[in-house]
Amino acid sequence: MRSRRFLSKSQRARRSADSAFRDEYGFTTIGAVLALLIALSLLFSAAQIQRINSVAAQVQDVADAAALAAENEVAEYMTLVRVCDAVVLTMSLTGLTATGLGIAALCTPATAFASKPLIDAGKSILDARDAFSDKASEGLALLQKALPFLSAVNAASVAQANGQEGASYLALALLCPSTGEDADFESVEGTEEFLSDVDSSADKIQQAGERAEELAAESSKIKEEAFMRDCGAAPGYCMYERASTLAGVQGSNNPAYHSVDAWSFSVALERARNYYSARLAQEHPLNDSVEEEARSVLRKRFYQYAAQELDAGYVHEQDDSFEAYFPDLPRNTDEMRDTSLYTEQAYPVSVEGDKAVMHAWSGCPGMVGQVSYGSIQQMEQGDYPVCPQCELSAASLGKVAAASSSIENGFEYHYAAVADAAERYQQAMEELAPIARQVKDEAGALLDQCAELVGLSADVRIDAQPPGRFGVVVLAVCLEEMPSSAGFSNAFVSSSGALGARVALSSATLLADEADQQGDVISSILDGLDVPVVSGPLGIVLDCWAGLLKAYASGQSALDEALSHATDALPFASASGLGTWASSSFGSAVKSVGLEPAKLDALKPIVVNSAHVAGKDTSGFGAKLVAVKQEAIAHPSDSTSIFSSLVGAAETGLLTRVEGLADGMELAEIELFEGGPSFTIRIALPASLAQGAQDWVEGAANALRDLHASIVGVRAWE
């Protein structure tokens, strides 16, 4: 029998209490409620912490935005530097290009009218470049002095714009370094000497060019005459038509040319050779009469003589020289007596009684035995009787070419005209050659000098070292207190207390971003330029400058294109070819410059660690910032002193940069030449900012000092 155990009253009470929190499965209602309450408390506490951190982090976002805004002013300054660089470079190139074109224009009368305006415009543009460089240097220096203030104002403006829902932000920005190096424009040595050389040589080149053109025009006229006599008059009478009709010479042995530019004297010489070779091969009596037999023999003697003589002919022609020899063919008896036809012993002599008789050929019916051979000269000197059959005499041989040399239906008539033209053409070219060389030597030296200066100008670029080139440091603060439970009231977290002032430090620097149509960006800054409509040489200069300016980023290709357009606008082609030579020589010399495109990578501000910026700054502020940050890392409990230490340095740096800041500043003014386009590069500042600059800087610094005092309880005077 099992015994029964009885509990005391106190034991029963304890068992009843334990059963409220646990049962045999480990779960009770009260336990679940407590676990849920604890979990909710932890959840709301974590959310409150996250909310506090989020609110506190907002000031860091504002500081980052203010730093980017401050450094963006430096980026815009660099854009202005590139605008000035573009203007100086393109004005240098345009001035030199205009002068070079003016030199080339001196070489031929067709373009001489444009020479003086082009050279004068080139000088004016180079003078305007120097004036612009001086003004731009002053303007950029003034802007550099204002950059720290502009950056600070931009940072403060962004900070203020971010204020919302009762939050008000202040930001104080300081560029590192706070000072810059002046962006000076280097001058190109040798420009003055070059312009002086142009002045002293211009008249001589122009006079020589005019005389060369006269001689070239004369020689061109002579060549045109020869061309017409050779083949240009076809299908009318000419060497080409006569060779085809009289000798049946065709194809490549008798070519036809339709332009004197493609034709040369060598064509006529070769045509004559082919013609006499064909006539010699084809010659035969036209009938069986003794007279015709004799005439055929004499014609063959003439064709053979002509073919032999033409074999000694030549034509040596180059761009600047001409030498030719067209053998003269006898056109009558007197001229025949001056040739080998008169002295050659090619005629048989027979003796009839006590008289020696000379015959045209050995087959003459009057031939009675043959004793020897003689010449026409011997026949005349020995008083030979004339053969009654063949009737050989000096006159009969002289008549062979007389008729065809005297009338236009004869080949010799046109050949003689071409031979005479070749002689006159050579004389004109011999007189032209030294004058053309003089033009090329003097103008070529100036054009080479000009191209050299173009290359030197292309190498002169602005190396800007402005304030803030390393970056900017920004101190941002939100002074308004915020109740800790604002917008988040609950029973799990205490609602007492408030979120105090929040402070953040940020930095930004510039990073190069690959340019994308940046040339158009720079050109758009100058889109307001009012370019007057100008014709003639000055219009060519304006078009050249506009092409160079808008294509600033294209380098050599832009220079070549602008020069090509300018060259095409002038009638350089002429009889002497000196204008074409000069423009081509100048273009080739300029192409060898190898102008590199400008570096137009976009500069964009990015947020970085302030130590990276301050580490590059050798000024007192940069060194102090690095030291304070290192101390804050070593002693976190004293980190609030970073603001007390830095505010004074930032305030001092800003106030020293504000002095001399006007309502705005004129960076530079451009006027290419009198009557040409002009415009001003100007930086405008709101009057209120310029006038209240010092008050704003001091107010921002005092606000930061008050913040430090609210944290540590002591106002630190510096």
Side-chain angles (χ1 to χ4, degrees), residues 96-124 194-227 259-261 317-322 421 424-451 534-544 563-590:
L96 292 170
T97 299
T99 306
L101 289 173
I103 295 170
L106 289 169
C107 298
T108 173
T111 55
F113 73 95
S115 176
K116 189 176 187 305
L118 285 171
I119 293 176
D120 289 345
K123 293 178 181 178
S124 297
F194 165 66
L195 295 177
S196 177
D197 292 342
V198 172
D199 289 338
S200 61
S201 302
D203 289 341
K204 292 188 295 182
I205 295 174
Q206 183 173 353
Q207 292 173 5
E210 290 174 353
R211 179 54 182 160
E213 189 63 26
E214 292 175 0
L215 293 171
E218 180 182 346
S219 63
S220 295
K221 182 179 179 181
I222 295 172
K223 187 175 182 180
E224 179 73 24
E225 294 175 3
F227 166 72
S259 170
V260 68
D261 296 329
E317 186 172 12
Q318 297 180 350
D319 292 339
D320 56 354
S321 65
F322 178 85
R424 290 185 289 120
Y425 185 78
Q426 179 172 331
Q427 292 174 352
M429 292 296 291
E430 287 175 350
E431 186 177 355
L432 170 63
I435 299 177
R437 281 196 298 272
Q438 176 188 350
V439 173
K440 290 184 177 181
D441 289 345
E442 295 186 9
L446 292 177
L447 292 174
D448 289 341
Q449 192 176 354
C450 184
V534 181
S535 59
L538 296 184
I540 296 173
V541 174
L542 285 179
D543 291 341
C544 183
L563 180 57
S564 177
H565 287 320
T567 301
D568 292 342
L570 291 171
F572 280 113
S574 65
S576 67
L578 290 174
T580 303
W581 165 83
S583 60
S584 177
S585 297
F586 185 47
S588 299
V590 169

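The first residue in the sequence is number 1, and the count goes up from there. Computed over heavy atoms, backbone and side chain alike; hydrogens, waters and symmetry mates excluded.
When all heavy atoms are compared, the tightest approach of Ile205 to Glu442 is CG1-OE1, 3.7 Å. The shortest heavy-atom contact between Ala212 and Leu578 is CB-CD1, 3.6 Å. The heavy-atom pair separating Arg424 from Glu225 by the smallest distance is NH2-OE1, 3.0 Å. Across all non-hydrogen atoms, the minimal contact from Ala208 to Val439 is CB-CG2, 3.5 Å. Of all the heavy atoms in Ala582 and Cys107, the pair that sits closest is CB-SG, 3.8 Å. Scanning both residues, Ala573 and Thr580, for their nearest heavy atoms gives CA-OG1, 3.5 Å.
The only option from Ser584, Ser585, Ser583 that meets the side-chain hydrogen bond (donor to acceptor under 3.5 Å, both in side chains) definition with Trp581 turns out to be Ser585. For the side-chain contact (heavy atoms from CB on, under 4.5 Å) with Ser115, the qualifying choice from Leu101, Ile103, Asp120, Leu106 is Leu106, the only one to do so.
Using a 4.0 Å cut-off between charged nitrogen and carboxylate oxygen, Lys223 and Glu218 do not count as a salt-bridge pair.
Note: Cys450 SG to Leu195 CG = 9.0 Å, rounded to the nearest 0.5 Å. The OG atom of Ser321 lies 10.5 Å from the CG atom of Leu432; values are rounded to the nearest 0.5 Å. Interatomic distance, CZ of Phe586 versus CG of Leu447, reported as 6.5 Å (0.5 Å rounding).
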Task: Intermediate values then yes/no, side-chain contact (heavy atoms from CB on, under 4.5 Å), Val198 and Thr99 - done: CA-CA 9 Å; Val198 172; Thr99 306; 4.3 Å; yes
- [ ] Take Phe194 and Leu96 through the side-chain contact (heavy atoms from CB on, under 4.5 Å) test and state the conclusion after the steps.
- [x] CA-CA 10 Å; Phe194 165 66; Leu96 292 170; 4.2 Å; yes
- [ ] Decide yes or no on side-chain contact (heavy atoms from CB on, under 4.5 Å) for Ser574 and Glu213, but give the supporting numbers first.
- [x] CA-CA 8 Å; Ser574 65; Glu213 189 63 26; 3.2 Å; yes
Open item on the list: Apply side-chain contact (heavy atoms from CB on, under 4.5 Å) to residues Glu214 and Ile435 and explain how you reach the verdict.
Closed with: CA-CA 11 Å; Glu214 292 175 0; Ile435 299 177; over 6 Å; no
TODO: Start with the C-alpha gap between Glu431 and Gln427, add the side-chain angles, then the distance that decides, and say whether side chain to side chain donor-acceptor pair (under 3.5 Å) holds.
DONE: CA-CA 6 Å; Glu431 186 177 355; Gln427 292 174 352; over 6 Å; no
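Here the side chains of Glu430 and Leu215 are not in contact, with every heavy-atom distance at 4.5 Å or above.
Ser219 places a side-chain N or O within donor-acceptor distance of the main-chain N or O of Ala216, the cut-off being under 3.5 Å. Judged by distance alone, with hydrogens and angles left aside, the side-chain atoms of Thr111 form no donor-acceptor pair with the main-chain N or O of Pro571 at under 3.5 Å. Side chain of Glu210 to main chain of Thr108: no donor-acceptor pair is present (N/O by atom type, distance under 3.5 Å, no hydrogens or angles).
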